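When reading the values below, keep in mind they use all heavy atoms of this one structure, side chains included, and skip hydrogens, waters and symmetry mates. The shown structure was predicted, so the numbers you read here are calculated from the model rather than taken from an experiment. Chain A is the first sequence line, chain B the second, and so forth, proteins listed ahead of strands; every chain is numbered from 1.
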Amino acid sequence: MSQNENKEVKESKNFIQEIIEGDIASGKHEGRVHMRFPPEPNGYLHIGHAKAIWINFETAKQYGGKTNLRFDDTNPVKEDVEYVNSIKKDIKWLGYEWEGEALYTSNYFPQLYAYAEDLINKGLAYIDSSSPEEMAEMKGTPTKPGTASPFRDRQPEENLELFRKMKAGEFPDGAMVLRAKIDMAAPNMLMRDPVIYRIKHAHHHNTGDEWCIYPMYDFAHGQSDSIENITHSCCSLEFMHHRPLYDWFVEKLGIFPSKQYEFARMNVAYMITSKRRLLKLVEEGLVSGWDDPRMSTLSGMRRRGYLPQSIRRFCAQTGVQKRDNLQEMELLESIIRDDLNQVATRAMVVMDPLKLVITNYPEGQVENLPSKNNPQDDSAGEHMMTFSREIWIERGDFMIDPPKKYFRLAPDKHVRLKGAYIIQAEKYLQDEAGNITEVHCKYFPESKSGSDNSGIKVKGTMHWVDSTSGIPLELRLYDRLFVDPTPTGHEEKDFLEFFNKESLVVNNEAIAEAHLKEVGEAEPLQFMRKGYFIKDADSTPDKLVFNRTVTMRDSWAKMQKK
RNA sequence: UGACCCAUAGUGUAAUGGUAACACUACGGUUUUUGGUACCGUCAUUCUAGGUUCGAGUCCUAGUGGGUCAACCA
């Protein structure tokens, strides 16, 4: 756990913690706390899942409890081992360890089948041979009660026989279903005799071809919680209406009484988490894949250079409650910058190079200057940079006719080259089009960084790269994927209309100090005055590629806009 | 024209019947060899109307507003 996580101790309790503390106080389950994270292996984990993972694992940990990882794999046509593996990888990356081995709802199919027969024998479930259309018709509407299926009064013996034949594979998909017999007039639509088993002659990623009938979510989830002796089953708000059903099965089956609690899922501005829409971005080639650094997936954020502890801190700071919420990106970015600031190795990279000649620096001379790896942390050490007569500076750092409060280089102005000398601009060269091609300066030898006795005071300090050792770079500059905070919140418009065409800008002009040749793939970097970056796996020995994680805060740019 | 859930600064989260707090954002300032970092300051009488109480953001009632529910998905 990071320093930053520890320094933000939260004393106030969320509603789930209060429930748990109440349960512990009353001696429920002997004070045991056992939770679970139950993803369906049908896609990649995203920022919304991170919140659910955080709630379950952190809360259990806080009360000395355990958290299971259970793959809720009751629908064979949607699921795949590829997703199982990526989900495990992402949870570990986030920094969590589940209790024992990963579990699968599909491993409980025999038990769930037995529960179903039990319900049939108790006269609480029946085989309905109606078509899906007929069933929908008889379901009613929220304001109009449903009507009973003509098969609702089938006797247990017949139901059992049909159910066994279903299991034996004697019927085609869709021929019939098993329904719980509850109340066709219930105000809660889910209590109007929900389907609990359906026929699917499909290959399952875990059970293969062993089964051709599969339980529905409602007949699997609560029971699986119960089988695992889960004490607190936390899920998002949209499952609220399922709770009465969850409790009904627990009661009628007489099994361990797990309890379900619902929290509001976390929404983040400018991000989408709908699997369908994320897939569309991938399919239409608007992003490079599920791990594109702009994606809200954990794999995308990892590649972007977000630290797992930053995501954890974000989850902690956004809280747990039952109201709809839209978190601002500014909070996430502020946390990411804060964490990266502590650990990122500093380097100098010029993104838009302009040649600068130091006219009074001896031709052919090259000196080595030390550069701190991290001013926040002396133990991070330092590395060497070369300095010579010709260096690269940022084009935006020189102006012929600067505005007020411009602290950078301009004719006759002084400025410090970070870690090197103070220079003063003397003249500049232009091409026919009027573009500045070169700036000529003089330097003050006695102003050397660390031993400055020049007495010159400067307002600005600039980054630079030496021409004798600088290396070319590819920079991938990422921005938010959408130009609207809620791209899916406009009924009239498709979310793709809000796609940010500038969400990726590739820069192939950048020149970096040679030290970057030595950095590893997971090493967070700060390109001074430019932002935080991370080396991308697309890098080759000839061409290093870096992803921009987040820009620096830039109060000058903000001032300029006004 | 049903049921259920929700309502506190721009955003998000606290305040457990007793002085509305914290973070982010925004704005202003100090420090600084990153216009970064760090630090200081400014910004709400809690959706509305009644009620209970010595006292209500908190409890009750009624409105208003938002969300969710009619897959052989999870």
Side-chain angles (χ1 to χ4, degrees), chain A residues 8 10-14 18 38-40 42 72-75 77-79 128 131-132 135-136 139-146 173-179 186-192 194-200 213-214 216-218 220-221 235 237-244 262 264 266 269 275 316-335 337-338 341-342 346 348 372 375-376 405-408 415-420 422 447 449-450 452 458-463 485 526-531 551-560:
Chain A
E8 270 151 64
K10 207 179 165 191
E11 323 83 15
S12 61
K13 279 166 263 174
N14 64 50
E18 296 202 353
E40 181 185 17
N42 70 342
D72 212 350
D73 53 354
T74 57
N75 188 355
V77 301
K78 290 189 169 184
E79 297 147 7
D128 194 332
S131 71
M135 275 181 53
K139 195 111 190 179
T141 71
T143 55
K144 209 175 67 195
D173 288 9
M176 56 189 69
V177 294
L178 182 67
R179 287 229 256 175
N188 180 346
M189 300 291 290
L190 281 157
M191 298 299 274
R192 321 243 263 228
V195 172
I196 59 179
Y197 258 96
R198 76 291 211 186
I199 303 170
K200 270 184 198 281
I213 59 170
Y214 292 91
M216 297 287 288
Y217 165 84
D218 286 303
H221 202 100
C235 58
L237 241 35
E238 57 265 37
F239 291 96
M240 201 177 348
H241 302 286
H242 294 253
R243 188 176 357 113
E262 310 89 13
M266 177 176 72
K275 224 162 271 175
Q317 291 197 14
T318 52
V320 181
Q321 74 316 109
K322 300 179 87 130
R323 28 191 137 99
D324 293 327
N325 61 90
L326 181 67
Q327 306 292 343
E328 291 180 332
M329 280 256 283
E330 284 83 352
L331 176 62
L332 213 209
E333 292 185 341
S334 137
I335 291 169
R337 288 190 185 105
D338 190 34
N341 181 44
Q342 316 290 326
R346 270 59 171 178
M348 295 211 270
K372 278 193 173 182
Q376 309 290 317
K405 290 196 180 172
Y406 186 81
F407 302 152
R408 307 173 187 184
V415 86
R416 172 170 292 280
L417 294 174
K418 174 77 182 172
I422 290 173
S447 69
S449 186
D452 182 2
V458 295
K459 279 283 218 178
T461 300
M462 302 182 351
H463 62 107
Q526 184 197 96
F527 293 175
M528 277 193 279
R529 302 209 297 147
K530 287 293 160 187
T551 59
M552 302 297 283
R553 230 152 136 215
D554 191 348
S555 52
W556 170 245
K558 208 179 286 174
M559 229 162 104
Q560 294 273 280

For [X], answer base if it contacts any base atom (sugar-phosphate contacts may also be present), sugar-phosphate if it contacts only those atoms, and nothing otherwise; contact means non-hydrogen atoms under 4.0 Å.
{"X": "A:N75", "answer": "sugar-phosphate"}
{"X": "A:G450", "answer": "base"}
{"X": "A:T141", "answer": "base"}
{"X": "A:M216", "answer": "sugar-phosphate"}
{"X": "A:L326", "answer": "sugar-phosphate"}
{"X": "A:Y197", "answer": "nothing"}
{"X": "A:M240", "answer": "sugar-phosphate"}
{"X": "A:V195", "answer": "sugar-phosphate"}
{"X": "A:R408", "answer": "base"}
{"X": "A:Q321", "answer": "sugar-phosphate"}
{"X": "A:Q526", "answer": "base"}
{"X": "A:Y406", "answer": "base"}
{"X": "A:Q327", "answer": "sugar-phosphate"}
{"X": "A:P375", "answer": "base"}

In whole angstroms, how far is the [atom2] atom of [N] from the [atom1] atom of [X]?
{"X": "A:D218", "N": "B:A70", "atom1": "CG", "atom2": "C1'", "result": "14 Å"}
{"X": "A:L237", "N": "B:G66", "atom1": "CG", "atom2": "P", "result": "17 Å"}
{"X": "A:K418", "N": "B:G35", "atom1": "NZ", "atom2": "P", "result": "9 Å"}
{"X": "A:H242", "N": "B:A3", "atom1": "NE2", "atom2": "C1'", "result": "14 Å"}
{"X": "A:M559", "N": "B:G35", "atom1": "CE", "atom2": "C1'", "result": "8 Å"}
{"X": "A:F239", "N": "B:C73", "atom1": "CZ", "atom2": "C1'", "result": "10 Å"}
{"X": "A:E262", "N": "B:A3", "atom1": "CD", "atom2": "C1'", "result": "15 Å"}
{"X": "A:R323", "N": "B:G12", "atom1": "CZ", "atom2": "C1'", "result": "9 Å"}

Which residue lies more 5' along RNA chain B, comparing A:G460 with A:P187 via nearest heavy atoms: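 So the residue in question is A:P187.
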Most 5' of A:L331 and A:E79 on RNA chain B, judged by nearest nucleotide: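 Counting from the 5' end, the first nearest nucleotide belongs to A:L331.
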Contiguous Watson-Crick or G-U pair runs (3 or more, under 3.5 Å) in RNA chain B: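 Stems found: B:2-7 with B:64-69, B:10-13 with B:21-24, B:26-30 with B:38-42, B:47-51 with B:59-63.
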Between the base of [N] and the side chain of [X], is one N or O donor paired with an acceptor at under 3.5 angstrom?
{"X": "A:R346", "N": "B:U34", "result": "yes"}
{"X": "A:H463", "N": "B:U34", "result": "no"}
{"X": "A:R416", "N": "B:U33", "result": "yes"}
{"X": "A:T318", "N": "B:U13", "result": "no"}
{"X": "A:E328", "N": "B:G10", "result": "yes"}

Does a nitrogen or oxygen in the side chain of [X] sit under 4.0 Å from OP1 or OP2 of [N]?
{"X": "A:K322", "N": "B:G67", "answer": "no"}
{"X": "A:R553", "N": "B:A38", "answer": "no"}
{"X": "A:T74", "N": "B:C73", "answer": "no"}
{"X": "A:R198", "N": "B:C73", "answer": "yes"}

Could you tell me how far [M] sits from [N] if I compare only their [atom1] atoms? Round to whole Å.
{"N": "B:A44", "M": "B:U30", "atom1": "P", "answer": "24 Å"}
{"N": "B:U31", "M": "B:C40", "atom1": "P", "answer": "15 Å"}
{"N": "B:C47", "M": "B:C24", "atom1": "P", "answer": "25 Å"}

Close side-chain approach of A:N325 to A:M266, heavy-atom, < 4.5 Å: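 Yes, side chains in contact.
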Min side-chain heavy-atom separation A:H221-A:F239 under 4.5 Å: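 No; the side chains remain at least 4.5 Å from each other.
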Contact letters for nucleotides 41-48 of chain B, in which S counts primed atoms plus P, OP1 and OP2 and B counts the base, heavy atoms under 4.0 Å: --------
Spacing of A:L332 atom CG and A:Q317 atom CD [to the nearest 0.5 Å]: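 Between atom CG of A:L332 and atom CD of A:Q317 there are 10.0 Å.
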Ring-base stacking, A:W556 with B:G35 (5.5 Å, 30° cut-offs):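 Here the ring of A:W556 and the base of B:G35 are stacked, with centres under 5.5 Å and planes under 30°.
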Stepwise side chain to side chain contact (heavy atoms under 4.5 Å, CB included) test for A:E262 and A:H241: CA-CA 10 Å; A:E262 310 89 13; A:H241 302 286; over 6 Å; no
Among A:R529, A:K530, A:Q526, A:R337, side-chain contact (heavy atoms from CB on, under 4.5 Å) partner for A:M552: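 Of the listed options, the one satisfying the test is A:Q526.
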